[in-house]
Colleague: 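The structure is given below, and queries will be raised subsequently.
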2 protein chains.
Amino acid sequence: MRDVAAAAGVSLMTVSRALREPERLSGETRKAVLDAVRRIGYVPNRIAANLASARSSVVGQIVPSIQNSLYVDTVKGTADVLRAAGMQLMLADSGYSLEEEEALIAAFVAQRVSGLILHNTEHTPRAVEMIRRSGVPVIETGDLARRPVDMSISYSNFNAARAMTLHLAARGYRSIGCVSLVTRVNRRARERQRGYLAALRILKRPPDPRLTMEVGPGMTAGARAMVDMVSRVPGVDAIFFAGDVLAVGALFEAQRRRWAVPGRIAIAGFDDLEILQHAVPRVTCLRLPRLEIGRRSAESLIDRLRGKEERIRLDLGFEVIQREST
Amino acid sequence: MRDVAAAAGVSLMTVSRALREPERLSGETRKAVLDAVRRIGYVPNRIAANLASARSSVVGQIVPSIQNSLYVDTVKGTADVLRAAGMQLMLADSGYSLEEEEALIAAFVAQRVSGLILHNTEHTPRAVEMIRRSGVPVIETGDLARRPVDMSISYSNFNAARAMTLHLAARGYRSIGCVSLVTRVNRRARERQRGYLAALRILKRPPDPRLTMEVGPGMTAGARAMVDMVSRVPGVDAIFFAGDVLAVGALFEAQRRRWAVPGRIAIAGFDDLEILQHAVPRVTCLRLPRLEIGRRSAESLIDRLRGKEERIRLDLGFEVIQREST
DNA sequence: CTGTTAGCGCCTTCAT
DNA sequence: ATGAAGGCGCTAACAG
């Protein structure tokens with residue numbers, strides 16, 4: 001920057017202003033400075049800018065898994081909004097571990113990110129403590145947190161699962177199973193299972209433990225869960241796969257075994273993955289506002305940075321998409 | 001940090017050392033400082049550290065699309081390695097635009113990232129100029145660049161496409177089509193198409209323009225391409241979908257139309273997406289070392305930061321996976 | 001093993 | 001509308 005100032009024959013301050021608030025300078029000075037910038041190929045040092053101004057243009061986002069296409073949509077939403085605002089995204093995945101999440105939060109706070117977007121709604125006490133102390137605004141996106149650390153922008157996993165179960169019942173299915181991810185370590189899975197059970201209560205159907213399964217992630221797990229459940233409860237006529245790509249795995253397995261879907265067994269999924277609307281048959285599922293969650297999260301953080309004090313708790317809802325598989 | 005120093009009764013430097021090179025301090029001092037750190041809940045300011053040391057612990061990565069599951073694997077690889085090294089990842093997508101990529105490179109350079117990982121192997125002249133001037137190490141990962149800006153870690157799109165085409169020919173297919181993404185703006189697509197055509201030359205088969213298609217991304221595009229090609233060239237017996245999820249879309253369309261795969265038409269894909277090995281039939285494709293590319297890229301950057309001068313150009317190869325669809 | 005001195009590159013504040 | 005001084009929080013380089 002010194003070189004630019006020298007080349008343009010002005011002070012450092014003028015260069016700084018030409019870059020940040022060009023309208024405050026006279027036309028000539030501005031032009032002279034910006035020309036010099038271009039000529040020299042000067043790239044400002046944001047690190048120094050951040051240090052001096054005690055602000056940063058970086059937002060940190062932590063998702064459970066970078067590879068999972070579900071989270072990617074939310075990341076895309078935040079990335080788009082941040083880029084438009086000239087800000088950067090720092091991304092990391094916690095591998096579904098709270099301890100890992102804590103370490104990442106520490107790293108992000110050390111980097112002085114100006115905001116955090118966390119998919120998880122559970123955190124270690126130390127993580128919460130760090131967030132509190134640092135004062136960075138935080139948005140939790142994975143579930144509509146009952147009592148968020150700071151802000152929450154999401155949909156309700158509980159409501160969504162309940163709605164899908166009721167939808168299946170309304171279409172005439174008598175014995176509906178639910179396959180979710182392991183609920184012990186995953187609150188979202190837990191909420192979905194609770195939603196399913198809540199629907200059964202509304203329907204006055206007694207829950208059957210053989211119809212409530214928990215499995216690991218992946219297509220193979222979904223396939224196996226379906227086969228297991230059908231063999232143990234031959235009367236089951238619909239299965240709600242409440243997570244991941246379980247429904248896809250189950251559908252392929254059904255094709256392989258030539259089980260008619262939905263004739264022999266109906267299949268419903270959770271997220272509206274692209275495959276689900278192209279598969280044969282097209283798969284009924286929930287549509288969740290993942291991209292929008294990302295966008296709104298970034299926007300809310302930016303609002304906060306600009307001084308808005310509002311602490312948002314936003315339910316962006318969901319939609320049941322009825323297709324051929326149920 | 002001042003508070004910590006005061007609380008522990010030592011100088012700032014000692015606190016700094018206790019955090020960065022604890023082994024150089026005496027046991028008691030170290031303990032006293034670290035206790036104070038914990039008690040106060042001190043989180044070091046990396047921004048200041050970076051400014052002072054003229055180093056940063058952040059690597060920037062730019063992919064064409066965050067949502068595309070292909071790129072995500074590479075991102076995952078870098079994220080894992082960086083995290084293990086206590087570094088952070090800044091991620092952005094260029095939306096397949098060179099201008100956007102240039103803007104992002106400028107932003108990353110301004111953030112003083114200590115390394116860049118670019119998927120693209122084409123860049124605007126100004127982008128290249130900026131990289132050169134800033135001196136940040138760069139790795140290009142999308143294709144084995146003939147003359148990389150700095151380093152290149154990838155596989156050869158040309159070789160991979162040629163190998164698959166030859167593989168199909170070896171399995172007895174007489175009339176092999178190739179569907180790729182639009183080659184004009186996408187060098188990787190171009191290289192794949194060139195590979196396909198090179199294979200035809202080796203096979204001494206004259207290229208048929210009706211068998212070389214270019215389409216947009218997405219399953220629908222793949223489905224439509226297959227139908228088009230088959231209707232225009234009824235004799236086509238195999239189609240190589242050289243990109244994106246085109247093969248998946250085509251497979252579903254074949255199921256829908258009850259075209260036997262591979263009986264009526266054989267289908268081969270490019271990347272080994274999880275779906276391809278679960279679909280019915282399982283789909284022949286190429287396996288590319290995407291995760292490994294990400295890992296090695298991060299590792300090479302870290303090596304460079306530690307003073308290694310070597311400029312790597314690494315071909316991580318590929319594999320043809322023969323399955324039921326061909 | 002620990003402390004002192006200087007400065008990283010920019011922004012804030014105040015002056016002109 | 002522009003400039004000068006001071007400092008953001010930390011670390012490099014040296015000294016003790």
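Being a predicted model, the structure only gives us computed values, none of them experimental. Just so it is clear, the values below take in all heavy atoms, side chains as well, and ignore hydrogens, waters and symmetry mates. Note on naming: letters A, B, ... go to the chains in the order of the sequence lines (proteins, then strands), and numbering restarts at 1 for each one.
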Colleague: Salt bridge or not between B:Arg290 and B:Asp73? Use side-chain N to carboxylate O under 4.0 Å.
Modeller: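 Between B:Asp73 and B:Arg290 there is no salt bridge, as every charged N stays at least 4.0 Å from the carboxylate O atoms.
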
Colleague: Could you go over nucleotides 12-16 of chain D and give all protein N or O partners under 3.5 Å, atom names and distances?
Modeller:
from   : atom 1 : to      : atom 2 : distance (Å)
D:dA12 : OP1    : B:Arg55 : NH2    : 3.0
D:dA12 : OP2    : B:Arg20 : NH1    : 3.2

Colleague: B:Lys31 has an atom NZ; how far is it from atom P of C:dC1, in whole Å?
Modeller: 18 Å

Colleague: Considering just the side-chain nitrogens and oxygens of B:Tyr42, establish if one lies under 4.0 Å of OP1 or OP2 belonging to D:dC10.
Modeller: yes

Colleague: Give me the atom names and distance for the closest heavy-atom approach of A:Leu305 to A:Pro137.
Modeller: CD2-CG, 4.5 Å

Colleague: From the set D:dG3, D:dC10, C:dT4, return the single nucleotide nearest to any side-chain atom of B:Asn45.
Modeller: D:dC10

Colleague: Would you say the side chain of B:Lys31 lies within less than 4.5 Å of the side chain of B:Glu28, judging by non-hydrogen atoms?
Modeller: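 No, too far: nothing below the 4.5 Å cut-off.
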
Colleague: Less than 4.0 angstrom from a charged side-chain N to a carboxylate O is my criterion; do B:Arg304 and B:Asp150 meet it?
Modeller: yes

Colleague: From D:dT2, D:dG3, D:dC10, pick the nucleotide closest to the side chain of B:Ala49?
Modeller: D:dC10

Colleague: So if I take every side-chain heavy atom of A:Ser26 and compare against D:dG9, D:dA1, D:dT11, which nucleotide ends up nearest?
Modeller: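 For A:Ser26, the side-chain atoms sit closest to D:dA1.
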
Colleague: Do any side-chain nitrogens or oxygens of B:Thr29 fall under 4.0 Å of OP1 or OP2 in C:dT2?
Modeller: yes

Colleague: Between C:dG7 atom P and A:Leu51 atom CG, what is the distance in whole Å?
Modeller: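 For the pair A:Leu51 CG and C:dG7 P, the rounded distance is 17 Å.
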
Colleague: Write down the distance between CZ (B:Arg112) and C1' (C:dG9), rounded to a whole number of angstrom.
Modeller: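 Result: 9 Å.
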
Colleague: Does this structure show an ion pair linking B:Arg296 with B:Asp303, if we count only N-O contacts that are shorter than 4.0 Å?
Modeller: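 Salt bridge flag = no for B:Asp303 with B:Arg296.
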
Colleague: Round to a whole Å and report the spacing from CZ of B:Arg30 to C1' of C:dT2.
Modeller: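 After rounding, the reported distance stands at 14 Å.
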
Colleague: Find which nucleotide of DNA chain C each of B:Thr14 and B:Ala48 is nearest to by heavy atoms, and output the residue with the more 5' nucleotide.
Modeller: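 Taking each residue's closest nucleotide, the earlier one in sequence belongs to B:Thr14.
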
Colleague: Measure from CG on B:Leu12 to P on C:dA6 and round the result to the nearest Å.
Modeller: 15 Å

Colleague: Between A:Arg190 and A:Glu122, is there a side-chain N and carboxylate O pair less than 4.0 Å apart?
Modeller: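 A:Glu122 and A:Arg190: salt-bridged.
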
Colleague: Tell me whether the OP1 or OP2 atom of D:dT11 has a side-chain N or O from B:Ser16 closer than 4.0 Å.
Modeller: yes

Colleague: Salt bridge or not for B:Arg24 and B:Glu21, using N-O below 4.0 Å?
Modeller: yes

Colleague: Quick one: A:Glu23 CD to D:dT2 C1', roughly how many Å, whole number?
Modeller: 15 Å

Colleague: Which whole-number value in Å describes the distance from A:Asn50 CG to D:dG9 P?
Modeller: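 Computing the A:Asn50:CG to D:dG9:P distance gives 13 Å.
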
